[in-house]
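Worksheet for the structure shown next.
Reminder, nothing fancy here: chain letters follow the sequence lines and each chain counts from 1.
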Amino acid sequence: MFSEIEARWREYWEKTGLYRTPDEPKNKFYLLEMFAYPSGDIHLGHFRNYTIGDVIWRYRKMQGYDILHPFGWDAFGLPAEQAAIKHKIPPDKWTFSNIERSRDTLRRLSISYDWDREIITASPDYYRWTQWVFLKLYESGLVYRDTSFVNWCPSCKTVLANEQVIAGRCWRCDSVVEKRRLEQWFVRITAYAERLLKGLDKLKGWPENIKTMQRNWIGKSEGTEIDFKIEGTDKSFSVFTTRPDTIFGTTFVTFAPEQPLVDELLPIMPNREEVEKYVQQALLKPEIERSFEGREKDGVFTGLYAINPYNGERVAIWVGDYVLASYGTGVVMAVPAHDQRDFEFAKRYGLPIKVVINPPGCSLDPSTMDAAYTEPGIMTNSGTFDGLPSTEGIRRVTEYGEERGFARSKVTYKLRDWLISRQRYWGAPIPVVHCEKCGIVPVPEDALPVLLPPADKVNFAPRGRSPLEDLPEFMDTTCPVCGGAARRDPDTMDTFVCSSWYHLRYTDPKNEGEPFSKRNVNRWMPVDLYIGGAEHATGHLLYFRFITKLLHDLGYLDVDEPAIALFNHGMVLDANGAVMSKSKGNVVSPVELIENYGVDVARIGILFIAPPERELLWSSEGLKGASRFLERVHNFFCNLSGNDEIFDFDQLPDVDKLRYRKLHWAIKRVKDDIENIQFNTAVAAMMEFLNTLGPRFPDDSSIPNYIARRFIKLLAPFAPHLAEEIWHRMGEKDSIFLSPFPDFDSTALVAETVTIAIQINGKLRATIDLPPDSDEEMVVSSALELDKIRKYVEGKRIVKRFYVKNKLINIVVK
RNA sequence: GCCGGCGUGGCGAAACAGGUAGACGCACUGGACUCAAAAUCCAGCGGAUGUUAAAUCCGUGUCGGUUCGACUCCGACCGCCGGCACCA
């Protein structure tokens, strides 16, 4: 029944350019939903996400905002290559046909995107500027090549960033991630660690849990770095510790197997062979196995000793794979008495345990300890520091070492640099060339884009190196500096680079001379509301903030945080709470919903079933309610016509006074709920209002048009097609979204009577209707007139009374 | 283990600056309309006791506490979900 209505208005809105972004915004609002990876078609999770955004757009539009509401496609990525391998479809064909299909679906859903601003990260006019972002990073000294142990997915046959390793497994295919020593491109996001951390405090509109996740991910830790000399050599190393107060308890030090010094020291190690064997073995173990907590810690003694600079003691140097190479210095001072990991290690290998912190009022005996004592206490066995509280010792020990030049305060972060190269075809090529004479040379800006070669010559079968490497027509080039023969970089960029700046491109999507003009970017940025899933908390949302800060620092835009407010919608699961996936066969397509029920019903259904931030167990049962509601709305209002009645409230008949009040009460609730993104209760408020009108629109009303026009506007953000239809049947010529959202009459919210609860000793015994703001005496005396109240009070003494105006009275009797 | 979040009818959920628990909807039950069904409309719908009534008692994961009054605040615990996970 609604399909004809929906088609009419969908076309009308597109034809009249309702969604077009104003060129000169006066009252700007940048509304952004995370763009989509085009894998097949839009699914129910997308539908929920984009419907939430669409409600906001329609509401803000009716409030007169000038809105930028763009959409695009995160179009590079591995699945396109997998499709190429599996189905012999080229990645570009696969991707672009998915985009066609998904865009078509979004249009059928009438989501209010300005399609003139669509961007596709896999198109050369976009990735040209992704390469430009790379060059800016390069020029800023934030890109470097490094040979180190990196995350390697054996199934995708490519390296991964830390953020793409979920509990030791690949984010895409769930394979256990391995370590490989490779030369790769890194972006120094760690240079922005402090600012990324501090910036979170400004983001008042971000959910606390996302900010906490980012804080933990950045993992700032303040401590001390202490230098140790290696006995019998001129070499030294540093350790990082947050507990310098325990330095006198150091009985050995442990190196991570990957620590570069281990290799260097091998030739002089008395236990060289054992160490070599151990290191080799450790490197073979996947991270997930090594990092399993509770696993017995193992290691090997090198035969070398280091000198504790604080007391000159010799401490054994061990290598152990419980030490992380990539955190701190890759070496720890082991204080078994006061660190649980060191304690376990010492117990296993019979290493000495020396107590240097005693709990207040008692002293520990190493021989009877069955766990490390990690709490603060009083320093002991620590030379001149004895008797000092350990919390103060932290500062004093550091100062002592600083004065003597072998220690310093140090801040360490868990955040690692961002590994951005990928050994894949379907991504933005890294714009550098390797020249034998000149080394690494960035491609000049005016030579961008470095285009991907056509897919027809490419062998996509993963072989652990980029497919581009085997294409001489791509690889062979000339050096931009010396003009001699050179080779291109065969790797492509992590797709998170593409999505780290797309919000900026939307402000100026067709600019051919620059990624975006200053004028346009500053006109729209920052994003006023960013909507998406929480799964991007420590990936995309971190890169997105980082690149915005970088481009701000380089003067390309004014703001240094991309989005002032963030909303995370919940996931859509099936009725049993399982994730919808093709392999489980439980996927519900929005297309099937709109074909069976219509867009408006599907929207109301998905918005009403659960609050937007919560996860949603999908069941089409709930759609019946939505469908009945909209049909009632249609039947109520489809035959009304005409303009607002002019009336004097006091002259209205009582029934209409009541309807007037209820209407304004509904307006207030819907308005408040939209602003708080609580669409489920907004829909409930509209249903409730409709219920108060009765089974059909009351024919005794003297203000039918007044009611109808306002109610329809309340409904418009939620069921736009139906609202537009009724609006036009009421004789309007322009879109309902060009008309203002109704304001509520606050005087109408004051009811003629209020229901007051009467409690005796805190238990509800009766209710009574009284005029609003009645005083306490009046309420009590009216209450005592009631038989059911009198029976509780008779023969007793009223000890106390608590009166909450217009709500309740509690009479305490004894 | 640490950090978040959440536990409310048969189901999805409302209400929390402490103040009538269960709005709104689904399902269900009864009734009206109908030859009948569907649709629609009306009524009921947390549990227990109860002469189907009146009424009373119990109820927001569990156990305690604060309070005239607790789903809401505090303490301990149990369960589920998400994030981090040997970070020195």
Side-chain angles (χ1 to χ4, degrees), chain A residues 166-168 207-217 219-221 223 239-243 246 254 288 290-295 297 320-324 326-335 338-342 344-345 374 412-416 534-535 537-538 570-571 575 577 604-605 608-611 613-626 628-629 631-632 635 669 678 680-691 694-696 755-767 788 799-813:
Chain A
I166 313 293
E208 215 44 59
N209 62 330
I210 298 288
K211 289 194 278 185
T212 305
M213 279 185 195
Q214 291 210 348
R215 280 190 193 103
N216 293 342
W217 189 261
K220 182 177 182 174
S221 154
V239 299
F240 173 76
T241 180
T242 53
R243 292 293 305 273
T246 65
T254 313
I288 192 172
R290 266 178 67 175
S291 68
F292 177 67
E293 205 178 345
R295 165 188 148 244
K297 293 168 185 27
D321 70 3
Y322 76 97
V323 178
L324 303 173
S326 49
Y327 183 75
T329 62
V331 190
V332 299
M333 59 179 231
V335 185
H338 306 295
D339 182 283
Q340 187 57 27
R341 296 153 300 188
D342 300 339
E344 286 165 29
F345 195 84
T374 58
T412 298
Y413 300 90
K414 282 203 262 182
L415 184 70
R416 316 277 164 80
E535 66 274 19
T538 53
M571 291 216 293
I604 296 274
F608 181 65
I609 193 169
E613 74 282 2
R614 206 164 328 167
E615 72 178 22
L616 181 156
L617 304 189
W618 178 254
S619 142
S620 53
E621 286 299 302
L623 284 179
K624 276 191 204 164
R628 280 177 194 156
F629 169 60
E631 266 172 49
R632 264 185 99 198
N635 297 338
R669 278 186 60 189
Q678 288 165 358
N680 55 326
T681 47
V683 174
M686 290 185 277
M687 289 173 166
E688 230 175 304
F689 174 70
L690 212 59
N691 289 347
R696 69 196 71 80
T755 304
I756 291 174
I758 300 161
Q759 297 183 337
I760 304 295
N761 292 342
K763 290 205 175 204
L764 178 74
R765 294 303 176 188
T767 59
K788 38 185 172 178
V799 189
K800 224 168 186 179
R801 300 186 312 215
F802 295 86
Y803 179 52
V804 183
K805 203 157 86 175
N806 298 332
K807 283 242 149 158
L808 121 175
I809 179 112
N810 185 12
I811 301 170
V812 183
V813 299

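One C1' atom belongs to A13(B), the other to G7(B), and the distance between them is 14 Å to the nearest Å. The gap from the C1' atom of A21(B) to that of A14(B) amounts to 10 Å, rounded to the nearest Å. Rounded to whole Å, the separation between the P atoms of U67(B) and U72(B) comes to 16 Å. Taking the P atoms as reference points, G19(B) lies 14 Å from G69(B), given to the whole Å. The same atom, C1', is picked in C71(B) and in G83(B); the two are 27 Å apart, to the nearest Å. Taking atom P on both nucleotides, G31(B) is separated from G22(B) by 28 Å, rounded to a whole Å. When the P atom is used for both A17(B) and A27(B), the distance is 33 Å, rounded to whole Å. C16(B) and A23(B) are spaced 15 Å apart, taking the P atom of each and rounding to whole Å.
Taking each heavy atom of Ile604(A) and Ala626(A) in turn, the nearest pair found is CG2-CB, 3.7 Å. Shortest non-hydrogen contact noted between Thr767(A) and Ala757(A) is CG2-CA, 4.3 Å. Scanning both residues, Gly320(A) and Thr254(A), for their nearest heavy atoms gives N-CG2, 3.3 Å. Closest approach of Ile760(A) and Asn810(A) over heavy atoms only: C-OD1, 4.0 Å. Minimum interatomic distance between Met333(A) and Asp342(A) (heavy atoms only, all atoms of both residues): O-OD2, 3.7 Å.
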Margin query: Protein within reach of the bases, or only the backbone? For nucleotides 3-18 of chain B, mark each nucleotide 5' to 3' as B, S or -, using heavy atoms under 4.0 Å.
Written below: SS-------BSS----
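Note on Glu208(A) versus Lys211(A): salt bridge recorded, some NZ/NE/NH1/NH2 to OD/OE distance being below 4.0 Å.
Glycosidic conformation of G9(B): syn, with the torsion inside 90° of 0.
Remark: U60(B) base-pairs with no nucleotide; criterion is Watson-Crick or G-U wobble with both hydrogen-bond distances under 3.5 Å. Using the Watson-Crick or G-U wobble rule with both distances under 3.5 Å, A85(B) pairs with nothing in any strand shown. The nucleotide A27(B) finds no pairing partner, because no Watson-Crick or G-U wobble arrangement with both distances shorter than 3.5 Å includes it. U49(B) is paired with A55(B) under the Watson-Crick or G-U wobble criterion, all donor-acceptor distances under 3.5 Å.
At whole-Å resolution of the value, CZ in Phe629(A) and C1' in C24(B) are 10 Å apart. If you take CZ of Arg628(A) and P of A38(B), they are 12 Å apart, rounded to a whole angstrom. Taking atom NZ of residue Lys624(A) and atom P of nucleotide A27(B), one finds them 5 Å apart after rounding to whole Å. Distance CG (Leu764(A)) to P (C58(B)): 13 Å, rounded to an integer number of Å. Counting to the nearest Å, the P atom of A43(B) and the CG atom of Asn691(A) are 10 Å from each other. In this structure, Ile604(A) places its CD1 atom 16 Å from C1' of C26(B), rounding to the nearest Å. Atom CE of Met213(A) is separated from atom P of C2(B) by 18 Å (rounded to the nearest Å). Between the P atom of C57(B) and the CD1 atom of Ile760(A) lies a distance of 12 Å, rounded to the nearest Å.
Using a 4.0 Å heavy-atom distance criterion, Lys788(A) is classed as making no nucleic acid contact. Using a 4.0 Å heavy-atom cutoff across all strands shown, Val683(A) reaches no nucleic acid atom at all. Using a 4.0 Å heavy-atom cutoff across all strands shown, Ser221(A) reaches sugar-phosphate atoms only and no base atom. If you check every strand for non-hydrogen atoms under 4.0 Å, Thr412(A) touches nothing.
Annotation: side chain of Leu808(A) is not in contact with side chain of Phe802(A) (no heavy-atom distance under 4.5 Å). Between Val239(A) and Val332(A), the closest side-chain pair of non-hydrogen atoms is not below 4.5 Å.
Ring orientation note: the planes of Tyr322(A) and Phe345(A) are tilted relative to one another, at an angle of 30° to 60°.
Heavy-atom distances to RNA chain B give each of Gly622(A) and Lys807(A) a nearest nucleotide, and the one nearer the 5′ end belongs to Lys807(A). The nearest heavy atom of RNA chain B to Thr767(A) and to Gly694(A) marks one nucleotide each, and the one closer to the 5' end goes with Thr767(A).
Checking A23(B), U20(B), C41(B) against the side-chain heavy atoms of Pro695(A) singles out C41(B) as nearest. If you check U20(B), U56(B), C24(B) against the side chain of Met687(A), the one that comes closest is C24(B). In this structure, of C57(B), C58(B), A27(B), it is C58(B) that holds the atom nearest to the side chain of Lys763(A). The nucleotide whose nearest atom lies closest to any side-chain atom of Trp217(A) is, among C42(B), C84(B), A88(B), C84(B). For Tyr322(A), the listed nucleotide lying nearest its side chain is C86(B); candidates were U20(B), C86(B), A85(B).
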Write down the protein N/O and nucleotide N/O pairs, taken from nucleotides 66-72 of chain B, whose separation is under 3.5 Å; answer none if there are no such pairs.
unit_1: C68(B); atom_1: O2'; unit_2: Asn810(A); atom_2: ND2; d: 3.4
unit_1: C68(B); atom_1: O2; unit_2: Asn810(A); atom_2: ND2; d: 2.4

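With hydrogens and angles left out, the side chain of Lys414(A) and the base of C84(B) share no donor-acceptor pair within 3.5 Å.
Listed for the Asn761(A) side chain is a donor-acceptor partner under 3.5 Å among the backbone atoms of Val813(A). Of the possible polar contacts, none joining the Arg632(A) side chain to the Met687(A) backbone as a donor-acceptor pair under 3.5 Å is found. A donor-acceptor pair is defined here as one N or O able to donate and one able to accept, closer than 3.5 Å; such a pair exists between the side chain of Arg416(A) and the backbone of Lys414(A).
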